Amino acid sequence: MVSKKKAMEFIDTIDLMFPDAECELHANNPFELTIAVLLSAQCTDALVNKVTPNLFNKYKTPEDYLSVELEELQQDIRSIGLYRNKAKNIQKLSQILIDQYNGQIPSLRDELVKLPGVGRKTANVVTSVAFNEPQIAVDTHVERVSKRLGICRYKDDVLTVEKTLQKVIPVERWSKTHHQLIFFGRYHCLARNPKCRECPLLNDCREGQKRLRKGLVKID
DNA sequence: CTCCCGATAT
DNA sequence: ATATCAGGAG
């Protein structure tokens, strides 16, 4: 594990690389954001954004999602993948919002995670982006880059990764840094072919040094 | 742990 | 052909 000081150097460099990082899912209110994040499981943001314009035009309220047959909603989100689970969860979630939350998305993380299809990561995104609460949502990118850089260990589970990042990063930077780690993972430290050769963190990166030794990083 | 799953990049 | 994508539930 790298020191807290070294971790902050990583964070500050990534801050310079992606100063404008933010949520890339298109949504105009907490309800739309929750649906969008739920749909984004194991699927790219870009693909979700191709579906949501028509989806949000057709379904504006929880009642709207319950007004059609399950099969129709499945077809409307089919291209996203995992569409049977997601369609079912959207309808169950809609019924719960009507029954228990006056049709509104709750703003507390502990309430959000009770909704079907909403786990800790989705709840953290909603509270952070829609309700402006400091959070670090650990998705596939945040987990991968944190482990590669040595901010946490490869064996750590996502909750440990989240707690470690919270310890290292000042709370006022949680939400911004969280998005910057996603951008760093999505556009630079790619899962399959990380751009180590052009990475400003290569000298201090545990995974980058390992890849250098293995000859996976080509040097001119 | 497995299952859910289509679209896209490599 | 295969790995990967803002995961969650059983």
Side-chain angles (χ1 to χ4, degrees), chain A residues 14 18 20-27 30-55 70-71 73-96 105 109-131 133-148 155-162 165 174-197 207 211 216-218:
Chain A
I14 292 171
F18 301 99
D20 301 320
E22 59 183 1
C23 179
E24 294 198 299
L25 292 168
H26 300 333
F31 183 55
E32 288 187 357
L33 180 67
T34 303
I35 299 294
V37 180
L38 186 155
L39 291 176
S40 72
Q42 294 292 283
C43 161
T44 61
D45 281 13
L47 203 51
V48 173
N49 287 336
K50 287 180 71 174
V51 167
T52 46
N54 286 335
L55 192 73
L70 179 58
E71 290 72 19
L73 182 55
Q74 284 180 3
Q75 285 311 114
D76 288 333
I77 64 171
R78 192 187 59 83
S79 62
I80 295 298
L82 309 182
Y83 60 91
R84 278 182 260 264
N85 286 341
K86 290 172 181 176
K88 191 194 311 171
N89 284 333
I90 288 172
Q91 286 199 331
K92 289 174 67 176
L93 173 152
S94 294
Q95 189 63 57
I96 293 174
I105 293 289
R109 214 257 313 276
D110 290 346
E111 296 299 319
L112 283 162
V113 294
K114 295 178 184 173
L115 301 172
V118 178
R120 186 183 183 87
K121 176 251 160 182
T122 297
N124 280 352
V125 173
V126 172
T127 56
S128 171
V129 176
F131 298 112
E133 183 180 324
Q135 294 287 2
I136 299 174
V138 179
D139 69 345
T140 183
H141 299 299
V142 174
E143 180 177 4
R144 182 179 66 254
V145 303
S146 298
K147 291 180 176 180
R148 280 181 174 171
K155 63 179 182 181
D156 290 344
D157 57 31
V158 289
L159 189 56
T160 304
V161 175
E162 180 180 331
L165 289 171
W174 284 4
S175 293
K176 183 68 172 181
T177 300
H178 148 61
H179 287 106
Q180 291 172 323
L181 289 172
I182 289 176
F183 271 53
F184 181 70
R186 182 180 292 163
Y187 300 115
H188 186 87
C189 191
L190 310 182
R192 281 212 243 181
N193 299 110
K195 302 180 179 180
C196 299
R197 183 70 267 272
E207 180 67 22
R211 284 172 179 266
L216 295 175
V217 182
K218 295 185 177 67

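A note on names: the letters A, B, ... follow the listed sequences, proteins ahead of strands, and every chain is numbered from 1. Keep in mind that what you see is a predicted model, and the values were worked out from it rather than measured.
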* Asked: In chain order, what residues pass the side-chain contact (heavy atoms from CB on, under 4.5 Å) check against A:Leu55, with sequence neighbours excluded?
  -> A:Ile35, A:Leu39, A:Val51, A:Tyr59, A:Tyr65, A:Leu73, A:Asp76, A:Ile77
* To do: Tell me, please, the opening and closing nucleotides of DNA chain B, 5' to 3', among those with an atom under 4.0 angstrom from a non-hydrogen atom of chain A.
  => B:dC4 to B:dT10
* Asked: In whole Å, what separates the P atom of C:dA6 from that of B:dC4?
  -> 22 Å
* Could you tell me which residues satisfy side-chain contact (heavy atoms from CB on, under 4.5 Å) with A:Thr44, sequence neighbours excluded, listed by chain and number? => A:Ala46, A:Leu47
* Asked: For A:Asp139, what residues pass the side chain to side chain donor-acceptor pair (under 3.5 Å) criterion, not counting sequence neighbours?
  -> none
* With sequence neighbours excluded, what pairs up with A:Asp156 under the side chain to side chain donor-acceptor pair (under 3.5 Å) test? -> none
* **Contact list for residues 181-195 of chain A, test side-chain hydrogen bond (donor to acceptor under 3.5 Å, both in side chains), sequence neighbours left out** => A:Glu24-A:Arg186, A:Glu24-A:Tyr187, A:Asp45-A:Arg186
* salt bridge (charged side-chain N to carboxylate O under 4.0 Å, His left out) partners of A:Arg148, counting only residues at least two apart -> none
* To do: Scan nucleotides 3-10 of chain C nucleotide by nucleotide, 5' to 3', and note B when protein non-hydrogen atoms come under 4.0 Å of the base, S if they reach only the sugar-phosphate, - if neither.
  => BSBBBSS-
* Non-neighbouring partners of A:Asp110 that pass side chain to side chain donor-acceptor pair (under 3.5 Å), sequence neighbours left out -> none
* When you measure from every atom of DNA chain B, which of residues 73-81 of chain A have a heavy atom less than 4.0 Å away? -> A:Arg78, A:Ser79, A:Gly81
* Asked: Of A:Tyr83 and A:Lys50, whose closest DNA chain B nucleotide lies nearer the 5' terminus?
  -> A:Tyr83
* Structure fact -> Residues at least two apart in sequence or cross-chain that pass side chain to side chain donor-acceptor pair (under 3.5 Å) with A:Ser128, listed by chain then number, are A:Ser175
* Is the closest side-chain heavy-atom distance between A:Cys23 and A:His179 below 4.5 Å? -> yes
* For A:Glu111, what residues pass the salt bridge (charged side-chain N to carboxylate O under 4.0 Å, His left out) criterion, not counting sequence neighbours? -> A:Lys114
* Asked: When the P atoms of C:dG10 and B:dC5 are considered, how many whole Å apart are they?
  -> 14 Å
